[in-house]
Amino acid sequence: GTTRSLSPAPCLRERTEPCLWVASCELVFVRSIGYIRPIGRDSAKMPSRERLLNAAEELFAARGFGGVGLAEVAERAQLSKASLFHHFSSKAQLYSAVMARVLATLDDGLVRSLAEGGTPTARLERLSDTAIDMLASNQSYPRLLIRVLVEDSDLPPGLAESKEAIDALHRIGIGVVRLLNEGMDVGEFRRADTGHALLSIIGIIVHPLATGRFGEELVHGSLFDPEQVELRKEAVREFLHFGIVDRASALSRPEGGRST
């Protein structure tokens, strides 16, 4: 395939699999895995549990629950399987812990965004901007979110990590639904089914950032470049204004969120 910014890092020159080098070598595309971060010297300073979670996060994002083995996770983290089993008794527990960490991080950031106040329109725009920034800052997150939504059966209910992940996902959904209901009640948002509106918001924010090379071909660049991230925010804001915000209310209101 075509390449951009061909400057392979020394730590990765010896890889034998076909690779697509990514700008600044922050990530490398390995066809059997997807985009991954190179393991650096600083990783050895991390606690072993964090190293395992980081390795599993990238592998689960690329292949899903069924496509990853525990031995591969341990190898990617440069730890032994005994060390892995010291922290996680099963692949299901490891997968759940990865999802719980991702969703708890997103939940915390989105809750703080909503707490900043403002009109429903302003809060909805800020929420979408915050979500896109958080997803763009960790390129495993979009695909992990897609996977947790379609592979929720891999989150066994008996594990504390599964409950943490599911609870965080529910808190995010409830927070957005409450905002949508508030906007409808005060006349800023058009009346719509909040469940379907939430699904549409999730789709337009998360899915494009999970499209990988197909998405990059469409936008002629990395989806995670700062310029493309800003364009993504603008595209979502336009969707929110034309699909959710009541146009008559937005035009007559002197203050509130940004207009298109």
Side-chain angles (χ1 to χ4, degrees), residues 27 30 32-37 39 43 46-113 127 130-177 195 198-199 201-203 205-207 209-212:
L27 296 176
V30 180
S32 63
I33 298 176
Y35 287 111
I36 60 173
R37 286 187 295 269
I39 294 293
S43 65
M46 292 182 186
S48 56
R49 188 176 190 277
E50 291 302 306
R51 290 165 63 183
L52 289 164
L53 287 171
N54 289 344
E57 180 182 293
E58 293 176 345
L59 293 169
F60 283 136
R63 298 183 190 163
F65 180 82
V68 177
L70 291 179
E72 185 177 15
V73 174
E75 181 181 1
R76 175 73 185 147
Q78 298 180 345
L79 293 167
S80 66
K81 283 190 70 175
S83 179
L84 187 152
F85 282 116
H86 174 73
H87 294 285
F88 305 102
S89 61
S90 65
K91 184 166 74 167
Q93 185 183 22
L94 175 60
Y95 182 80
S96 298
V98 167
M99 292 303 183
R101 186 175 70 162
V102 170
L103 289 167
T105 299
L106 292 171
D107 180 35
D108 180 65
L110 297 179
V111 166
R112 283 189 282 107
S113 172
L127 184 77
T130 300
I132 292 170
D133 280 335
M134 295 184 75
L135 295 177
S137 69
N138 190 318
Q139 299 177 28
S140 295
Y141 280 17
R143 289 195 175 192
L144 285 170
L145 285 179
I146 294 294
R147 292 191 182 283
V148 76
L149 292 171
V150 301
E151 298 175 350
D152 56 357
S153 61
D154 294 321
L155 293 173
L159 293 175
E161 293 87 352
S162 294
K163 184 178 185 304
E164 182 182 351
I166 293 169
D167 286 350
L169 185 61
H170 286 172
R171 284 194 300 271
I172 293 170
I174 290 170
V176 178
V177 166
L198 176 58
L199 288 174
I201 292 170
I202 292 171
I205 290 176
V206 179
H207 183 266
L209 293 172
T211 54

Residue pair Leu79 / Leu84, side-chain heavy-atom distance below 4.5 Å: no

Worksheet item: For Val68 and Leu94, what are the C-alpha separation, side-chain angles and deciding distance, and is it a side-chain contact (heavy atoms from CB on, under 4.5 Å)?
Response: CA-CA 11 Å; Val68 177; Leu94 175 60; over 6 Å; no

In short, Gly109 meets Met134 closest at the heavy-atom pair CA-SD, 3.9 Å

4.5 Å side-chain heavy-atom contact, Arg101 and Asn54: yes

When rounded to the nearest 0.5 Å, the distance separating CG of Leu59 from CD of Glu72 is 5.0 Å

**Report entry** Stepwise side-chain contact (heavy atoms from CB on, under 4.5 Å) test for Leu149 and Ile202
**Finding:** CA-CA 10 Å; Leu149 292 171; Ile202 292 171; 4.0 Å; yes

Pair up each side-chain donor or acceptor in residues 164-177 with any protein partner under 3.5 Å, not counting sequence neighbours, and list the distances.
{"unit_1": "Asp167", "atom_1": "OD2", "unit_2": "Lys163", "atom_2": "NZ", "d": "2.7"}
{"unit_1": "Arg171", "atom_1": "NE", "unit_2": "Asp107", "atom_2": "OD2", "d": "2.7"}
{"unit_1": "Arg171", "atom_1": "NH2", "unit_2": "Asp107", "atom_2": "OD2", "d": "3.0"}

In short, Ala92 meets Pro156 closest at the heavy-atom pair CB-CG, 3.8 Å

- Passes side-chain contact (heavy atoms from CB on, under 4.5 Å), Leu127 versus Ile201? Steps please. CA-CA 11 Å; Leu127 184 77; Ile201 292 170; over 6 Å; no

When rounded to the nearest 0.5 Å, the distance separating CD of Glu58 from CZ of Arg63 is 11.5 Å

With sequence neighbours left out, the residues meeting ring pair (Phe, Tyr, Trp, His ring centres under 6.0 Å) with Phe88 are none

For Ile146 and Ala210 the tightest heavy-atom approach is CG1-CB, 4.0 Å

If you define the side chain from C-beta out and look only at heavy atoms, does anything of Thr105 sit under 4.5 Å from Asn138? no

Can you confirm whether Glu50 is buried at CD, in the sense that more than 12 heavy atoms of other residues, nucleotides or ligands lie under 6.0 Å from that atom? yes

Note: His87 and Ser48 closest approach over all heavy atoms is NE2-OG, 2.8 Å

Taking every heavy atom of Arg147 against every heavy atom of Ala62, the minimum-distance pair comes out as NH2-O, 3.0 Å

Val98 and Ala56 have their tightest heavy-atom pair at CG2-CB, 3.7 Å

Quick note, ring-ring contact (aromatic ring centres under 6.0 Å, His included) partners involving residues 56-85, not counting sequence neighbours, are Phe60-Tyr95, Phe65-Tyr95

dist Met99:CE -> Leu53:CG (nearest 0.5 Å) comes out at 12.0 Å

